[in-house]
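Taking it in order: structure first as structure tokens, then the write-up.
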Amino acid sequence: MQDIFAKAVANASAPVLWGIAGVDAILLVGTLAAVLLPILKPGKDYSNLRQRVWSWWIMIVLLSAALIAGWQTMAVLFAGVSFLALKEFLSLAPSRREDRLVILFAYLTVPVAYALVFLDMYEVYLVTIPVWFFLITPFLMTIGGQTRGYLATVATFSWGTITCVYNLGLLPFLARTPGWDAPQAGGAGLVFFLLFVTEANDVLQYVWGKLIGRRKIMPTVSPGKTWEGFLGGWVCTALLIYFLAPVFTPLKPMPAGLLALLLPLAGFAGDVTMSAIKRDLGVKDTSTFIPGHGGVLDRVDSLTFTAPLYFHILAYYALATY
Amino acid sequence: MTGADVVGRERLPLTGPAIVAANHNSHVDTLLLLSVFPPKAMSRVRPVAAADYFLTNPVMSWFATRLVGIAPVSRSVARGEDVLAPAKAALDAGEILVIFPEGTRGSPDEMAPLKAGIARLAEAYPQAPVTPVWIQGAGRVLPKGAVVPVPMNCCVLVGEPLAWTGDRASFMAELRARLEALKDQAPPLKWS
């Protein structure tokens, strides 16, 4: 057991290990705050903060273990994330009684997509959900015979499977990028960088919003979001991406600049788009799976938008594999 | 695979004699209810289930009595027989009795008229609190008549326990009102 662990760590690239250490350090500060605040400023309810920090630790430990253990573990972990996110989405979205078995068919996209990751069939992956699943699902719904609310339900299935399965499944593909194609920090480094900057963007937009936020940016969709938070987070995350990209990715300065410019915007877009859906459905969180955070889908909403952007910028400008 | 959001888990009775009254739409209800109890209390939970349905086939019977631990109740009454005897025995043994007062699964997420057997039990055991529970979404996972379960998130809402009111009519009205109130707290179920 210790041997396996030692070997896995020895195989992991230095930037990834340093990155994980850095994230742990940041979280340690958060943990200290969660422990000290109730002592320094008693009287307020800190249970949400405590739950949040505790959940962050579990997520970080799981992700770090998967990053160190290799792309197979990453694929299994993200298959689980895709399934849970899709389940939350399909449970909340309006559906019709006749479509129970079509919903079961929608879940099939998870094993199929991740099997294609294991088989390294990237070209087939690209068309499986957006083309074949996209066409077969409405046909199966037709067999069910119910035409009421037909088009809206088709859209529900497509939206759920593309965001929760297809977009997130790109991550394990990145994780299995061979070392020669990403010599800086390997495939794990590519995935780490995406997860880190996506979450950093979420957190920085939140912090800037709390510090100086005044003007609401989307009052009808997400009343807590402000222009100041959005712009402050954008600038900070862009700088973070531009200066850290050479450490983790093979991106040259121009494409790194492009990523720096667009990724914070994509993260924001994913966040507010999912907020719009939740508002439409009349819920605040997609479930209570992650204590203090809400559902899995609440946690990965920005990632469903940043993952394809990041993947395709890398594939177009830097990676020979994809 | 299905998973449920539980609201008010701390209101569940952990020791008997106690009665849990829940709405009923699916076989999944029983499993969901069992799963929300802490492991220590789970062995004391005894769901009341129809003998004519669960005890006719030996496989189902083994599953129902050995694994789930049901208290069988006969739906066809023989003369002079107390149909509630197994339920009373469970309460005498200090167990937590789960009752679906609708008596059958019915159509998803609609409450059928409540049967009064629960009131007779509450009257006979006034020391046993009756905790109302609303289970939402199980009717989508496995509705009556369906064979294949489909994983969907469910919601289990536990209400404040209610005590015996003194007469059956007011007790049943109170129980129904509590269940309706829990139903209104549940997240919207867009299922049509």
>> Let me confirm one number: the CZ-OG distance from B:R140 to A:S95, rounded to the nearest 0.5 Å.
In response: 5.5 Å

> Just how far is it from atom CG of B:N153 to atom NZ of A:K87, taken to the nearest 0.5 Å?
Replying inline: 4.0 Å

Has [X] got more than 12 heavy atoms of other residues, nucleotides or ligands less than 6.0 Å from its [atom1]?
X: A:F105; atom1: CZ; answer: yes
X: A:Y114; atom1: OH; answer: yes
X: A:W159; atom1: CH2; answer: yes
X: A:M121; atom1: CE; answer: no
X: A:L151; atom1: CG; answer: no

>> To check you understand the geometry: which heavy-atom pair defines the closest contact between B:V150 and A:I103, and what is its length?
In response: CG1-CG2, 3.5 Å

>> For B:V141 versus A:R100, what's the shortest heavy-atom pair and its separation?
In response: O-NH2, 2.7 Å

> In terms of heavy-atom pairs under 4.5 Å, which option from A:L281, A:L86, A:L101 contacts chain B the most?
Replying inline: A:L281

> What residue in A:L92, A:D99, A:T288, A:V283 has the most heavy-atom pairs under 4.5 Å with chain B?
Replying inline: A:T288

> Quick one: does A:R97's side chain get under 4.5 Å of B:P143's, heavy atoms only?
Replying inline: no

